[in-house]
Protein chains: 2
Amino acid sequence: MLKEERQQFILNEVRVHNRVLLTDMADLLKVSMDTIRRDIKELHKEKKLKKVHGGAISLGFNNYSFQFNEVYSLEKKSKIAVKCISLLRNGQVLLLTGGTTNMELARMLPTNLTLTCFTPSLPVANQLMSKPNVEVIFVGGKIAKDAQIAMGAAAVNILNSIKVDICFLGTHSIDLDEGLTEFDWEIVQMKKAMMQASRKVIAPVISEKLNTKQRYRICDIQHIDMLITELDANDDKLIEFRSKNIEVL
Amino acid sequence: MLKEERQQFILNEVRVHNRVLLTDMADLLKVSMDTIRRDIKELHKEKKLKKVHGGAISLGFNNYSFQFNEVYSLEKKSKIAVKCISLLRNGQVLLLTGGTTNMELARMLPTNLTLTCFTPSLPVANQLMSKPNVEVIFVGGKIAKDAQIAMGAAAVNILNSIKVDICFLGTHSIDLDEGLTEFDWEIVQMKKAMMQASRKVIAPVISEKLNTKQRYRICDIQHIDMLITELDANDDKLIEFRSKNIEVL
DNA sequence: CAAACTTATGCAAAAAAATGCAAATAATTG
DNA sequence: CAATTATTTGCATTTTTTTGCATAAGTTTG
């Protein structure tokens with residue numbers, strides 16, 4: 001049996017059963033466990049399955065991917081969240097994108113604040129459920145499994161029909177020249193619609209994301225009304241942003 | 001069983017029941033309590049659940065309303081869910097209401113089944129996220145905190161614009177004369193719209209709910225295509241339903 | 001506060017992974 | 001075709017991970 005055949009067989013097995021045991025495969029395919037181990041290693045590197053102790057599992061199986069970022073820079077994100085919250089007043093209508101920064105914002109919202117929140121993000125919506133004085137309105141649509149966000153024409157349509165006070169726009173990358181950029185085209189559409197739907201656009205960004213770029217552009221830097229980072233307000237990195245007429249906190 | 005699988009199972013259990021007992025998991029998964037304890041510890045560190053004395057609880061979810069029904073009649077509900085799932089075929093488009101029975105249905109969906117699922121229920125949508133072959137489309141709108149379901153004009157509008165194969169309509173009360181009834185007016189509107197949006201309406205109902213009534217009516221009993229209960233198909237209680245031309249499983 | 005239960009810790013056995021090496025097989029080239 | 005080179009595979013050894021158990025320490029509850 002060819003190596004290719006064997007790997008295809010393993011992949012298929014993973015697709016059907018969502019998992020394979022190393023021992024089973026070695027047994028079934030009549031090769032040593034080392035061989036299977038090497039196969040799985042390769043397939044893992046090609047991102048066709050996930051290697052785990054004792055075998056492999058399907059990639060789609062545990063799609064919690066956003067939770068992986070969870071720990072990373074959490075402290076900075078809480079800092080940013082606090083700054084964001086300080087801007088809020090009772091009765092305001094918000095629009096929250098997904099992402100861990102907005103998750104943190106949702107988590108830290110004081111329970112006595114009365115707000116209306118639109119969001120297309122399942123985790124954010126869930127988080128907001130525990131705030132008794134927050135009215136949650138979910139922007140529906142096809143849910144992207146990786147980001148757990150509603151996307152597509154339906155979601156964009158709904159966004160086109162609303163106007164909120166403040167949009168907290170989580171972003172992957174922000175750059176003085178390139179503006180706000182994303183790696184996923186559909187997300188770009190969503191974020192464009194969200195900016196349109198909001199009187200004021202605030203971008204909470206951890207400093208690592210400053211001056212980085214992705215493939216697709218959401219908008220120029222001028223279209224952001226305010227930038228919130230965990231850095232001190234007079235940090236060098238922020239001077240240029242301020243000079244472009246963007247409020248920095 | 002792989003470690004990954006076990007942890008996924010625990011996570012899933014937490015998602016559905018909002019909590020797990022260490023002892024239950026050890027028992028169910030046939031491993032020592034130490035192993036479960038270590039699993040929970042890891043998952044806690046990854047912020048996927050919250051470790052507590054004696055087990056773990058969900059972090060994203062606060063279900064005041066769910067927790068009650070959750071335990072109650074769970075076995076019957078799984079039984080019903082199994083029957084429901086047996087009706088499904090690859091490629092079908094479903095519409096799922098909220099409620100614990102549909103939660104159970106979503107939880108038990110085999111991972112290899114390819115479906116498109118519309119739902120206005122946050123917990124159900126969440127549950128469906130873990131099914132790699134299910135396309136989830138959230139019917140957005142204002143979220144009612146108690147039921148964690150989108151409601152209101154926006155949601156009803158969306159429902160009016162779709163047509164699906166099967167609707168699994170969770171119901172509070174069903175009665176031969178009064179038909180399907182609810183105690184909340186808004187929910188009635190949602191359910192009416194859902195029935196309209198579906199070619200086939202299936203009502204999964206635990207036997208306790210048979211021949212009970214509430215204040216507001218959704219529809220006559222004739223508008224249900226099929227009734228699924230945990231009872232044996234020739235149970236006395238069901239004869240009359242069948243005589244009204246409703247298929248009973 | 002004391003009994004019942006839960007957690008933490010260290011330890012050892014078992015299972016699996018990584019590594020280096022050699023034989024077998026396949027591919028390439030003069 | 002023969003010789004060389006590269007790839008694949010299995011085996012032995014070491015290292016790491018996983019798991020269960022025993023014991024001690026901490027929590028919960030009546």
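As the structure is a computational prediction, the values presented were derived from the model and not from experiment.
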Peer 1: Assert yes or no for the condition that the ring centre distance of B/Phe183 to B/Tyr216 is strictly below 6.0 Å.
Peer 2: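 Ring centres of B/Tyr216 and B/Phe183 not closer than 6.0 Å.
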Peer 1: To the closest 0.5 Å, what do you measure between CD1 (B/Ile85) and CD1 (B/Ile228)?
Peer 2: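 Here the rounded value is 10.5 Å.
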Peer 1: Rounded to whole angstroms, how far apart are CG on B/Leu21 and P on C/dC5?
Peer 2: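 The answer, rounded to whole Å, is 14 Å.
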Peer 1: Ignoring backbone atoms, establish whether B/Lys51 has a side-chain N or O less than 4.0 Å from OP1 or OP2 of C/dA8.
Peer 2: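 Yes.
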Peer 1: Mark yes or no for whether B/Asn90, through its side chain, and B/Thr114, through its backbone, hold a donor-acceptor pair below 3.5 Å.
Peer 2: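 Yes.
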Peer 1: Whether the B/Glu230 and B/Ser207 side chains hold a donor-acceptor pair (N or O, under 3.5 Å, no angle test) is what I'd like checked.
Peer 2: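 Per modelled atom types, B/Glu230 and B/Ser207 side chains form a pair under 3.5 Å.
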Peer 1: Whole-Å distance between D/dT7 P and A/Leu2 CG?
Peer 2: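 After rounding, the gap between these two atoms is 16 Å.
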Peer 1: Can you give one letter per nucleotide of nucleotides 21-30 of chain D, 5' to 3': B if a protein heavy atom sits under 4.0 Å from the base, S if only from the sugar-phosphate, - if neither?
Peer 2: BB----SS--
Peer 1: How many whole angstroms separate atom CG of B/Asp24 from atom C1' of C/dT6?
Peer 2: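 Nearest whole value for this atom pair: 15 Å.
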Peer 1: Given atom CG of A/Leu22 and atom P of D/dT17, what is their separation to the nearest angstrom?
Peer 2: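 Going from CG in A/Leu22 over to P in D/dT17 covers 17 Å.
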Peer 1: Regarding B/Lys77 and B/Thr100, is there a side-chain donor-to-acceptor distance under 3.5 Å anywhere?
Peer 2: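 Present: a donor and an acceptor within the cut-off.
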Peer 1: Measure from CD on A/Gln7 to P on D/dT8 and round the result to the nearest Å.
Peer 2: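 The answer, rounded to whole Å, is 9 Å.
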Peer 1: When rounded to the nearest 0.5 angstrom, what distance separates CG in A/Asp24 from NE2 in A/His17?
Peer 2: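 Atom-to-atom, A/Asp24:CG and A/His17:NE2 are 10.0 Å apart.
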Peer 1: For a quick check under 3.5 Å, do A/Gln214 and A/His172 share a side-chain donor-acceptor pair by atom type?
Peer 2: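 No pair is found: no donor N or O on one side chain lies under 3.5 Å from an acceptor on the other.
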Peer 1: Heavy atoms from C-beta onward define the side chain here; which of C/dA18, C/dT7, C/dA17 lies closest to that of B/Arg37?
Peer 2: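 Nearest to the side chain of B/Arg37 among the choices is C/dT7.
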Peer 1: Between C/dA4 atom C1' and B/Met33 atom CE, what is the distance in whole Å?
Peer 2: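 It works out to 12 Å between those atoms.
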Peer 1: So, is A/Arg6 close to the D/dT9 phosphate, meaning a side-chain N or O under 4.0 Å from OP1 or OP2?
Peer 2: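 Yes, because at least one side-chain N or O of A/Arg6 sits under 4.0 Å from OP1 or OP2 of D/dT9.
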Peer 1: Just how far, in rounded Å, is C1' of D/dG10 from CG of A/Asp39?
Peer 2: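 Going from A/Asp39 (CG) to D/dG10 (C1'), I get 13 Å.
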Peer 1: Please give, in whole Å, the distance from D/dT18 P to B/Lys3 NZ?
Peer 2: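 After rounding, the reported distance stands at 4 Å.
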